[in-house]
Amino acid sequence: MLRGRIVSFDIDRLINDFGGPAKLAEAYNLQFPQEPLSRAAIYKWRERGSIPLAQINRLAELASTSGKHFNIHHYSSQTGGVPPLAGNLRSEVKMSDRLYIFDTTLRDGEQSPGASMTRDEKIRIAKQLEKLGVDVIEAGFAAASPGDFEAIKAIAEVIKNSTVCSLSRANENDVRRAGEAIRPAAKGRIHTFIATSPIHMEKKLRMQPDQVIEAAVKAVKIAREYTDDVEFSAEDALRSEMDFLVRVFDAVIQAGATTINVPDTVGYAVPFATEQFFRELISRVPNSDKVIWSAHCHNDLGMAVANSLAAVRGGARQVECTINGLGERAGNASLEEVVMAVRTRQDIFNVHTRVDTPQIVPASKLVSQITGYPVQPNKAIVGANAFAHESGIHQDGVLKHRETYEIMRAEDVGWSANKLTLGKLSGRNAFRTRLKELGIEPATEEALNAAFARFKELADKKSEIFDEDLLALVGDGQSTEEAETYKLISLSTQTETGEQPVAEIVFSAHGEEKRSSSNGSGPVDATFKAIEVLVKSEAELQLYSVNAITSGTDSQGEVTVRLSKAGRVVNGQGADTDIIAASAKAYFSALNRLTHNQERAHPQV
Ligand code: KIV
Ligand code: ZN
């Protein structure tokens, strides 16, 4: 920490690193046309020996846009003693560092059972992540399948403000596939990894430590043929030997890696030790100040966020995380929790992100809807109850003075979006405009018309239509448009106390109308059995869950169905004010995915 020591600040070097006053002013004004910076102002920085804080933050943004690492501390050198600093220079030295947010929902998140996504679904999420302001979007694992490769490429083509990244194992084929996939990106990164823990090297890779270093170095060098932005991960780093990690990281930094990721692959780490681990590592690796240090924590012991934050305390300036904490096994660190923790506890972390926090809840809802992973109601930040005060004492306190029981504002994370938006009389234009505000643009006029027709149908059944309803309604349509092998036409169920429920269903299968009926232990069971009488999918039902999308008894029920067959797992979702119909839609959506997802299924990392 530089606070409270004498610091000399090399502004000339800083300006030169941006290409000199003319180039700096030009790039700055291109990126921040609203806050122009003249060359004269840059000369003033030199004269005064200081730069206003706001401009330092913009320089950091400017550097990150062009894929460079910028840390104000690199331009200061400590000389010890009591601080005779000019007022504003001191505030610059105290300035918070940028924390880079690397989102891996589309890669590690996709490794959750049944969460595999189509190319179009990935693009929708990527656009929302860009809007959210994440720095890096890990869009997939290019060598895993042609589908993954195409999805990364398509994302690289449309995303402009976030870096688009592909994962790759540390072998030539993987790295080159990643390099090809990110080629169209405005800013592209290759993330290559190899395991470094004794157990992984010996039992999984069957490689000697020196061979691992050799493979890592080779992979980084090949990656640098495609981009200057190369991340290296030492898989299972938190169970690796410190001396070996120091050797590996030293070698890959020399080979050209610009971000060093230290994953807790199996969720084994404990926060106080993680902080220490990062401190020691960063202090021992030569040239550690030339790279960004990154944490990637899994949640097997429920400590992924805590460990990520501990890593930040230990010097990490990138955190890898996912929306809703989605991810392999118990998941990854949750993006929303990390971002809000550093924002709410600036006093502890002294870092800032560029995340536009009101976009958090829309991102959470979109990911939940597309992957079929519901968000638990008591989940921090994005759970339906995260800002609900039940106890009378709390309600009284919040009404008198909000900060008595609230450390964040619901609207700051996007909960204000939960407002009444449209009604029965709203027209097509209002509908289209609201969808646009929610970041949804139906691909064609027909898709818009179909969604509008579903909206009118819903408005007949439900007096108030909320943003959540719209998201469900559009998502519902997209899954069926994507692969309409099976589609619900109509459903009738009979239930009576003491009698076996019966379901009669009409649906289309490969364009042909089918009718079927069955009884079951409940109306949902009867409906699923009626479908299976004809479809005979032989899939196993692994999960069935219902969520109310909004409050009130006229709320739409959103049903998630998880089916597995021959090692493939898929989630389907359906929404309707009638939860039995929603269940049938979800079942069909899962069947459709099972039929069409050969392309999505890919070997897990
Ligand atoms: O958990 C892990 O180690 C990973 C790496 C591939 C970064 O996901
Ligand atoms: Zn991981």
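For the numbers below, each heavy atom of this structure counts, side chains included, while hydrogens, waters and symmetry mates do not. Atoms within each ligand, like the ligands themselves, are counted from 1 in listed order.
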[X], [atom1]: over 12 other non-hydrogen atoms inside 6.0 angstrom:
{"X": "E157", "atom1": "CD", "answer": "yes"}
{"X": "Q376", "atom1": "CD", "answer": "yes"}
{"X": "Q211", "atom1": "CD", "answer": "yes"}
{"X": "L541", "atom1": "CG", "answer": "yes"}

Out of curiosity, is E320 lining ligand 1, as in a heavy atom under 4.0 Å away?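 Checking ligand 1 against E320, which is what was asked, there is no heavy-atom contact under 4.0 Å.
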R107, portion touching ligand 1 at heavy-atom distance under 4.0 Å: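 Answer for R107: side chain.
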Taking 4.0 Å as the limit for heavy-atom contacts, which would you say applies to T265 with ligand 1: side chain only, backbone only, both, or neither?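 It is both backbone and side chain that touch ligand 1.
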May I ask you to check if R562 and Y373 form a cation-pi contact, with NZ or CZ under 6.0 angstrom from the six-membered ring centre and within 45° of the axis?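 Here R562 passes the 6.0 Å and 45° test against Y373.
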When you compare ligand 1 with [X], is there at least one nitrogen or oxygen pair between them that comes in under 3.5 angstrom?
{"X": "E235", "value": "no"}
{"X": "D108", "value": "yes"}
{"X": "H298", "value": "yes"}

Have H296 and D108 got a donor and an acceptor in their side chains that come within less than 3.5 Å?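 Side-chain D/A pair, H296 to D108: present.
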Regarding N385 and N378, is there a side-chain donor-to-acceptor distance under 3.5 Å anywhere?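 Checked: N385/N378 side chains show no N/O donor-acceptor pair below 3.5 Å.
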Tell me if the aromatic rings of Y100 and W293 count as close, with their centers under 6.0 Å from one another.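 No, they do not, as the ring centres are separated by 6.0 Å or more.
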Which N, O or S atoms belonging to the protein are less than 2.8 Å from the Zn ion (ligand 2)?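 Near the Zn ion (ligand 2), below 2.8 Å, one finds D108 OD2, H296 NE2, H298 NE2.
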Of all the atoms in ligand 1, which lie at a distance below 4.0 Å from a heavy atom belonging to H191?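 Atoms satisfying the 4.0 Å criterion: 7 (C).
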Check each of T322, L132, V367, V319 against L335 using the side-chain contact (heavy atoms from CB on, under 4.5 Å) test, and report the only one that passes.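 Single pass found, and it is L132.
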